[in-house]
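These values consider heavy atoms only, across backbone and side chains, with no hydrogens, waters or symmetry-generated copies. Naming: A, B, ... by sequence-line order, numbering from 1 per chain.
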2 protein chains.
Amino acid sequence: MELVKKKIFEKFIAEKGLKSTRQREIILEAFLATDRHMSIEELYLQLRDAHPTIGYATVYRTLKLFAESGIAREFQFGDGQTRYEHVTQGEHHDHLVCVGCGAISEFTNDAVERMQDEIAASHGFAIRYHKMELYGLCAACQK
Amino acid sequence: MELVKKKIFEKFIAEKGLKSTRQREIILEAFLATDRHMSIEELYLQLRDAHPTIGYATVYRTLKLFAESGIAREFQFGDGQTRYEHVTQGEHHDHLVCVGCGAISEFTNDAVERMQDEIAASHGFAIRYHKMELYGLCAACQK
DNA sequence: ATCTATAGTGAAAATCATTTTCAATAACGG
DNA sequence: CCGTTATTGAAAATGATTTTCACTATAGAT
Ligand SMILES: [Mn+2]
Ligand SMILES: [Mn+2]
Ligand SMILES: [Zn+2]
Ligand SMILES: [Zn+2]
């Protein structure tokens, strides 16, 4: 799974005439090693201990590249920070966001997905992607 | 309809011990007069001709108040600008966003709304609100 | 292995939307 | 009309992100 994403990114790099650098490898490792919805700052801070020389701007640039290459998806959950998550080929999910603790969980629902396509079609819209986020209190935060 | 919103805002102002100012009235008029999903800048620029003395910060502050009072809803459609739309009591809709021309259209779908509640419930989530946006090309932009 | 052209990097500066500060002004109950 | 308190506009501050730039590293060619 992670290997597949590495391959995809290497291919992307090669085809774009970009270069494979030590920093990109390190950031990719760190990104693939988490299953959270990481913000740029979070990833930067986590990286900093083991790799103090990697700059903030490089993390920004690299995460953007991940998104461009298709191995990452960019998000805005309303806390002012851009977050990134893994994209797995052929998989799609949406999110539940806790307004209490900020926890982000995932769900899939085929019926809703289908209906979204129908809604778009019925409006003559050629849908590219969608965003569906349910905000509320997670079980823990309700107590 | 617009009158109702004015009343709601007046009530909000009164209950909060805030003051009814000329600027707030003007901005409210302008906001209620449009049916678009206006960004703060758009509203500010539109206002500027007739009311050159109203400051940017006041527009910001006032739109936030509208949202707080319940007559407006705040949005982020990914273009980096916060947008506001009218909120009509008891009404809810979601959005289709054209990635070509930026046009924003609206739709409602009760079945999807219900399913969202079910999804949240099945995850032990106490849902507060949701965000569902379908991004793609509008009919005009497909040509 | 060395050279060369070009992409990438880190640090600092620049952007851009938004928020805050502050001195001056306006609203409103008495 | 007064005094108190909220509001305003302009400018400065903020915070996330992006750009700039001098220097470095990569990768293909020699
Ligand atoms: Mn996710
Ligand atoms: Mn709308
Ligand atoms: Zn929570
Ligand atoms: Zn369009």
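OP1 or OP2 of C:dT18 sits under 4.0 Å from a side-chain N or O of B:Tyr60. Look at A:Thr53 and you won't find any side-chain N or O under 4.0 angstrom from OP1 or OP2 of C:dT9.
Taking atom OH of A:Tyr56 as the reference point, atom P of D:dT17 lies 7 Å away to the nearest angstrom. Rounded to whole Å, atom C1' of D:dG15 lies 13 Å from atom CD of A:Gln76. Note: CG (A:Asp79) to C1' (C:dT18) measures 16 Å, nearest angstrom. For the pair A:Glu68 CD and D:dT18 P, the interatomic distance rounds to 12 Å; values are reported in whole Å. Following rounding to the nearest Å, B:Ile54 (CD1) and D:dA10 (P) show an atom-to-atom distance of 11 Å. In this structure, the CZ atom of A:Phe77 is 17 Å from the P atom of D:dA16, given to the nearest Å. Put simply, OH on A:Tyr44 is 9 Å from P on C:dG10, counting in whole angstrom units. Spacing between atom CD of A:Gln81 and atom C1' of D:dT14 amounts to 14 Å, rounded to whole angstrom units.
Under the 6.0 Å cut-off for aromatic ring centres, B:Phe107 and B:His93 do not qualify, their centroids lying 6.0 Å or more apart. A distance of 6.0 Å or more separates the ring centres of B:His37 and B:His86. Checked against the 6.0 Å centroid threshold, B:Tyr84 and B:Phe66 do not count as a close aromatic pair. Ring pair B:Phe75/B:His95: centre-to-centre distance below 6.0 Å.
Annotation: the span from B:Asp49 atom CG to B:His51 atom NE2 amounts to 9.5 Å, rounded to 0.5 Å.
Checked for salt-bridge contact, B:Glu42 and B:Arg83 meet the test: a charged N lies under 4.0 Å from a carboxylate O.
If you check every strand for non-hydrogen atoms under 4.0 Å, A:Lys64 touches sugar and phosphate atoms only.
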Under a 4.0 Å heavy-atom criterion, the protein footprint on nucleotides 20-27 of chain D, written with B, S and -, is B----BBS

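Residue A:Gln89 qualifies as open at atom CD: its count of foreign heavy atoms under 6.0 Å is 12 or below.
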